[in-house]
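Reminder, nothing fancy here: chain letters follow the sequence lines and each chain counts from 1.
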Amino acid sequence: MNFKFQLIYWYSNNKRQLPWRETKNPYYIWLSEIILQQTQVKQGLPYYDAFVDQYPTIFDLAEATETSVLKLWQGLGYYSRARNLHAAAKYVVNELNGEFPNNYKDLLKLKGVGDYTASAIASFAYNEVAAVVDGNVYRVLSRYFGIDTAINSTIGIKEFKSLATSLIDKAQPAIYNQAIMEFGALQCKPKNPDCHICPLKDGCVALQKNLVSVLPVKLKKTKVTNKYYNFLVCIDNSKQILFEKRTNKGIWQNLYQFPLIESEKSLAPEEFHLLNFENTILSTEDFDYSLYNETDIIHKLSHQHLHTKFWIIDIDQLPNNAIAIASLTNYPTSVLISDFIDNFNF
DNA sequence: AAAGCGGGGAT
DNA sequence: ATCCCAGCTTT
């Protein structure tokens with residue numbers, strides 16, 4: 001048996017039952033693919049169910065507000081996916097008369113849809129011969145064929161896409177694509193795969209040459225920068241609180257948070273006055289404050305470590321852009337903020 | 001070509 | 001700690 005039939009045979013015996021595999025509806029398949037970008041199935045599954053439940057059609061999604069879409073996305077990370085998802089839904093409904101793009105080339109025009117996702121939707125929903133290359137595929141191909149080209153280099157991306165295209169089963173592209181990804185996820189795992197029970201072991205170059213643990217090759221890691229965040233939790237006598245939208249570029253765009261002042265270093269409790277209040281409505285004179293967390297909460301993103309302090313500030317009367325404390329949970333926020341809201345005794 | 005963008009799981 | 005996850009967009 002050749003490579004593709006071995007994969008498909010293995011898949012038929014080992015595949016997981018997942019809801020997006022039970023449908024050919026391109027909207028549901030698209031939804032699942034966006035959710036699963038850089039996200040493990042276990043983490044994405046409850047979000048998929050929630051989106052299907054709350055937005056059963058692309059029209060429902062298009063009619064929603066971005067804030068409500070972000071709220072449902074809360075906790076999943078990479079929030080540009082949610083913003084792009086919503087924008088693409090509006091594009092399909094308003095510009096394409098609600099007809100979902102039905103081929104690789106047109107799928108690529110959707111915001112948040114790149115080569116992998118366009119190939120996945122085109123093959124799964126329309127059985128188009130378009131080879132997917134995700135993290136699983138990179139791993140399987142680099143090991144089986146013993147390829148040490150860096151998978152995140154420009155040349156590597158082209159080389160693996162070309163190889164994947166040459167291998168796909170043109171008679172059943174949907175099954176083949178599913179099979180190679182599932183094989184990478186369950187059998188050809190990143191760490192300590194059980195190669196002695198692998199159906200492809202006889203042809204696997206990495207196994208013969210003892211290169212399983214070093215393939216695939218990936219270029220360097222991103223450098224982590226440290227930042228020092230000071231959130232001002234400003235509460236007044238009528239249980240109002242300041243909460244505002246992050247409109248800047250960068251992390252957590254369009255999510256909500258308490259007023260934030262960055263500092264150059266981690267401040268001691270008595271150094272509160274060193275914060276730069278220039279762009280806030282507060283002056284350091286007219287309120288009492290305390291520090292919620294004695295030691296910094298370190299919120300780790302892939303490229304930033306956020307050393308965070310929550311300063312609790314009591315004020316007589318906040319301006320009328322403040323919101324009710326009871327309504328805080330209606331707003332989409334980062335995990336850093338939602339954890340605080342869940343734990344703080346308001 | 002490189003950097004930016006989250007959060008959690010596995011080891 | 002470190003790497004990885006059904007990657008894409010911006011610089």
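Nearest to the side-chain atoms of A:Gln40 among the listed nucleotides B:dG7, B:dG8, B:dT11 stands B:dG8. When distances run from any side-chain atom of A:Asn192 to the nucleotides B:dG7, C:dC8, B:dT11, the shortest one goes to B:dT11. Looking at the side chain of A:Asn84, the nearest of the listed nucleotides B:dA3, C:dT9, B:dG7 is C:dT9. Here B:dA2 is the nucleotide among B:dA2, B:dG8, B:dC5 with the atom lying nearest to any side-chain atom of A:Lys220. Taking every side-chain heavy atom of A:Lys218 into account, C:dC4 is the closest of C:dA6, C:dC4, B:dG6. Of the candidates C:dC4, B:dT11, B:dG8, C:dC4 carries the atom nearest the A:Arg139 side chain, counting heavy atoms from C-beta on. Each of C:dG7, C:dA1, B:dG7 was ranked by its minimum atom distance to the side chain of A:Asp134; first place goes to C:dG7.
Residues A:Arg21 and A:Val113 both approach DNA chain C. Their nearest nucleotides, taken by heavy-atom distance, put A:Arg21 toward the 5′ side. Of the two residues near DNA chain B, A:Ser302 and A:Ile155, the one whose nearest nucleotide lies more 5' is A:Ile155. Residues A:Lys249 and A:Glu33 both approach DNA chain C. Their nearest nucleotides, taken by heavy-atom distance, put A:Glu33 toward the 5′ side. Position along DNA chain B of the nearest nucleotide to A:Ser334 versus A:Leu219 favours A:Leu219 as the more 5'-ward residue.
Between the NZ atom of A:Lys191 and the C1' atom of C:dC4 there is a distance of 8 Å, rounded to whole Å. Protein atom OH of A:Tyr78 is 14 Å distant from nucleotide atom P of C:dT9, rounded to whole Å. A straight line from CD of A:Gln304 to P of B:dG7 spans 11 Å, rounded to a whole angstrom. With rounding to whole Å, A:Asp115 atom CG is found 13 Å from C:dA6 atom C1'. The nearest whole Å value for the distance from the CD1 atom in A:Ile251 to the P atom in B:dA3 is 18 Å. Atom P of nucleotide C:dC8 and atom CG of A:Leu36 are separated by 12 Å, given to the nearest angstrom. Between the CZ atom of A:Phe124 and the C1' atom of C:dA6 there is a distance of 7 Å, given to the nearest Å. To the nearest angstrom, P of C:dC5 lies 14 Å from CD of A:Glu182.
Contact annotation for A:Gly250: backbone-only contact, meaning every heavy-atom pair under 4.0 Å involves sugar-phosphate atoms and none involves a base. Counting non-hydrogen atoms under 4.0 angstrom, A:Gly75 reaches the backbone sugars and phosphates but no base. Within the nucleic acid shown, A:Asn177 has no heavy atom closer than 4.0 Å to any nucleic acid atom. Using a 4.0 Å heavy-atom distance criterion, A:Ser153 is classed as making no nucleic acid contact. Base contact: A:Leu76 has a heavy atom under 4.0 Å from a base atom. Backbone-only contact: A:Trp252 has heavy atoms under 4.0 Å from sugar-phosphate atoms and none from a base. Here A:Lys223 lies out of heavy-atom contact (under 4.0 Å) with every strand.
Taking side-chain N and O atoms only, A:Gln38 has a distance below 4.0 Å to OP1 or OP2 of C:dG7. Side-chain N/O atoms of A:Tyr138 include none lying less than 4.0 angstrom from OP1 or OP2 on C:dC4. OP1 or OP2 of C:dC8 lies within a sub-4.0 Å distance of a side-chain N or O belonging to A:Thr117. For the pair A:Trp73 and B:dC5, the criterion of a side-chain N or O lying under 4.0 Å from OP1 or OP2 is not met. A:His299 has a side-chain polar atom (N or O) that falls below the 4.0 Å cut-off from OP1 or OP2 of B:dG7. When the side-chain nitrogen and oxygen atoms of A:His303 are compared with OP1 and OP2 of B:dG4, none of them lie within a distance under 4.0 Å.
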Please set out all donor-acceptor pairs under 3.5 angstrom arising from side-chain atoms of residues 230-237 of chain A, sequence neighbours excluded.
from	atom 1	to	atom 2	distance (Å)
A:Asn230	OD1	A:Trp311	NE1	2.9
A:Asn230	ND2	A:Ile261	O	3.1
A:Asn230	ND2	A:Ser263	OG	2.9
A:Asp236	OD1	A:Ser238	N	3.0
A:Asp236	OD1	A:Ser238	OG	3.3
A:Asp236	OD1	A:Lys239	N	3.3
A:Asp236	OD1	A:Gln240	N	2.9
A:Asp236	OD2	A:Leu318	N	3.0
A:Asn237	ND2	A:Asp316	O	3.3

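A 6.0 Å sphere centred on CG of A:Asn210 holds no more than 12 heavy atoms belonging to other residues, nucleotides or ligands. Atom CD of A:Glu264 has 12 or fewer heavy atoms from other residues, nucleotides or ligands within 6.0 Å. Counting non-hydrogen atoms of other residues, nucleotides and ligands closer than 6.0 Å to CG of A:Asp194 gives a total above 12.
The salt bridge (Lys or Arg N to Asp or Glu O under 4.0 Å) check on A:Lys265 picks up A:Glu271, with sequence neighbours excluded.
Taking all atoms of both residues into account, the shortest heavy-atom contact from A:Ala130 to A:Tyr104 is CB-CD1, 4.4 Å.
For the P atoms, the distance from C:dA6 to B:dC5 is 23 Å, rounded to whole Å. Comparing the C1' positions of B:dG8 and C:dT9 gives a spacing of 23 Å, expressed to the nearest Å. B:dG9 and C:dC8 are spaced 22 Å apart, taking the C1' atom of each and rounding to whole Å.
Ion pairing of A:Arg21 with A:Glu182 is present here, as a side-chain N (NZ or NE/NH1/NH2) and a carboxylate O approach within less than 4.0 Å.
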Original post:
Would A:Phe183 and A:Asn136 satisfy side chain to side chain contact (heavy atoms under 4.5 Å, CB included), going step by step from the backbone distance to the final call?
Top reply: CA-CA 8 Å; A:Phe183 182 78; A:Asn136 295 305; over 6 Å; no
